[in-house]
**Q** 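Input: one structure, supplied below.
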Protein chains: 2
Amino acid sequence: MNAPVSTPTSAPALTKNQSLVFDVLDRADAPMSAYTILDRLRDHGFRAPLQVYRALDKLLEFGMVHRLESLNAFVACAHPESECCGKGHGHGHGTVAFAICESCGHVSEFHDHEVDHRLGDWAKAKNFKPAKTTIEIRGLCGACAA
Amino acid sequence: MNAPVSTPTSAPALTKNQSLVFDVLDRADAPMSAYTILDRLRDHGFRAPLQVYRALDKLLEFGMVHRLESLNAFVACAHPESECCGKGHGHGHGTVAFAICESCGHVSEFHDHEVDHRLGDWAKAKNFKPAKTTIEIRGLCGACAA
DNA sequence: TCAATTGCGTTATGCTATAACGTGTGTCAT
DNA sequence: ATGACACACGTTATAGCATAACGCAATTGA
């Protein structure tokens, strides 16, 4: 009784734990640490960090969640349109960048093809084979800077 | 007897602890965690993580060391030429990017003005005020990919 | 049916980072 | 000089992030 359950709607079928973790992240308006997610899910039977980390690993693999390296925290992917962020099966659309407001915590996810291109060129010139690229801008969002 | 000691040579005068930490990083051929640095310096009287973290904080502030967010580790700045990386007093030269080999651990530090420019444009358009930008490419270096 | 795979739960542990306290030492305005 | 201040330092304790290693249950498919 622990296998993924296919939903009427979208992409890869999520297990119960994966759904719970994703829903928490998707409803959040700021990144959450694994332990914060754990606390949110105690009422649903979560007791240990591994339950969260295992779900997160899968969600990351599915491209439904991003990890913010500079925060050790996680966010739901902001543009669920089909194969969002690179691996799914489809094409994805390259590296995603994040602008993180240090005041309100809000995160904007965006993509810049030219940036991708420049970093790709550098890699090619150096014979470096990129696996995963992290771009995170920390600062103040428009609302908070005002 | 705990004040910075001015050296004949370069930039900001470092205290004993700061020098020790910097030397360890500078001699390393891969990023080091704070705790690894601590272990390297036990023989020099280091006993606690804070001794390392405090030194690192200053070295980061001086722009002599970079933190790799995706690794929770630190490297000495690769181009010590004068005011390296942004804050010193001088101008610096914008955001630095890192290519991190997941096989041999080697880190290449580089700068791409166009990438800076594009990210700056995005920020301007969104009215976002950047404070610090992280760019890290993980993958395989030329030598290891071969 | 049986082996392989995957998800799950639990306990224990390890790694990363900082809080809070007190000490000593230089600087400098008074 | 002296006292206020800033800063580096040392120590203990604790907080926060992540994974190892064990075993069980269910699904899949040869």
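These numbers come from a predicted model, not from an experiment. Below, chains carry the letters A, B, ... as their sequence lines are ordered, and counting in each starts from 1.
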**Q** For A:Leu38 and D:dG16, give me the distance from atom CG to atom C1', rounded to whole Å.
**A**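 About 12 Å, once rounded to whole Å.
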**Q** Provide, to the nearest angstrom, the distance between the NE2 atom belonging to A:His44 and the C1' atom belonging to C:dC8.
**A**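 Those two atoms, NE2 and C1', are 17 Å apart.
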**Q** N/O contacts under 3.5 Å, protein versus nucleotides 10-13 of chain C?
**A**
none

**Q** Give a yes/no answer on whether the side chain of B:Lys58 brings an N or O atom under 4.0 Å of OP1 or OP2 in D:dA8.
**A**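 Yes, B:Lys58 has a side-chain N/O under 4.0 Å of OP1/OP2 on D:dA8.
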**Q** Side chains of B:Phe62 and B:Leu14: does their closest heavy-atom pair fall under 4.5 Å?
**A**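 Answer yes - side chains close enough.
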**Q** Given 3.5 Å as the limit, does a donor-acceptor pair link the side chain of B:Arg138 with the main chain of B:Ser70, or not?
**A**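 Flag set: sc B:Arg138 to bb B:Ser70 pair under 3.5 Å.
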**Q** Measure NZ/B:Lys16 against P/C:dT25 and give the value in whole Å, please.
**A**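 About 15 Å, once rounded to whole Å.
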**Q** Taking the side chain as every heavy atom from C-beta outward, state whether B:Thr134 and B:Phe98 have any pair of such atoms under 4.5 Å apart.
**A**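 Contact flag for B:Thr134/B:Phe98 side chains = no.
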**Q** Rounded off to whole Å, could you give me the CG-to-C1' distance for the A:Leu56 and D:dC17 pair?
**A**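 Atom CG in A:Leu56 sits about 12 Å away from atom C1' in D:dC17.
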**Q** Is it true that B:Arg54 and B:Asp57 make a salt bridge, defined as a side-chain N closer than 4.0 Å to a carboxylate O?
**A**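 Result for this pair is no, no salt bridge flagged.
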**Q** To the nearest Å, how far apart are A:Met32 CE and D:dG16 C1'?
**A**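 To the nearest whole Å, that distance equals 15 Å.
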**Q** By the salt bridge (charged side-chain N to carboxylate O under 4.0 Å, His left out) test, which pairs, at least two apart or in different chains, include something from residues 118-137 of chain A?
**A**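 For residues 118-137 of chain A, and leaving out neighbouring residues, the salt bridge (charged side-chain N to carboxylate O under 4.0 Å, His left out) pairs sorted by first residue read A:Arg118-B:Asp112.
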**Q** Between A:Thr15 and C:dC8, is there a side-chain N or O to OP1/OP2 distance below 4.0 Å?
**A**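 For C:dC8, OP1/OP2 do have a side-chain N/O of A:Thr15 under 4.0 Å.
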**Q** Under the side chain to side chain donor-acceptor pair (under 3.5 Å) definition, can you give me all pairs with a residue in residues 20-29 of chain A, not counting sequence neighbours?
**A**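 Sorted pair list comes back empty.
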**Q** Taking the side chain as every heavy atom from C-beta outward, state whether B:Phe128 and B:Leu119 have any atom pair closer than 4.5 Å.
**A**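 No; the side chains remain at least 4.5 Å from each other.
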**Q** Check the distance between C:dC8's C1' and A:Leu20's CG and give it to me in whole angstrom.
**A**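 Rounded to whole Å, this separation is 13 Å.
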**Q** I want to check one thing: is the phosphate of C:dA17, taken as OP1 and OP2, less than 4.0 Å away from some side-chain N or O of B:Asn72?
**A**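 Answer yes for this pair, as a side-chain N or O of B:Asn72 is under 4.0 Å from OP1 or OP2.
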**Q** What's the OH-C1' distance between B:Tyr53 and D:dG10, to the nearest Å?
**A**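 In whole Å, D:dG10 C1' lies 17 Å from B:Tyr53 OH.
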**Q** A:Asp39 has an atom CG; how far is it from atom P of D:dG16, in whole Å?
**A**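 Nearest whole value for this atom pair: 10 Å.
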**Q** So, is B:Asn17 close to the D:dG10 phosphate, meaning a side-chain N or O under 4.0 Å from OP1 or OP2?
**A**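 Answer is yes, contact under 4.0 Å.
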**Q** Below 4.0 angstrom from OP1 or OP2 of C:dT16, is there any side-chain N or O of B:Arg67?
**A**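 No, no such contact exists.
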**Q** For a quick test of reading the model: is some side-chain N or O of A:Ser33 closer than 4.0 Å to OP1 or OP2 of D:dG16?
**A**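 Checking D:dG16 against A:Ser33, no side-chain N or O comes under 4.0 Å of OP1 or OP2.
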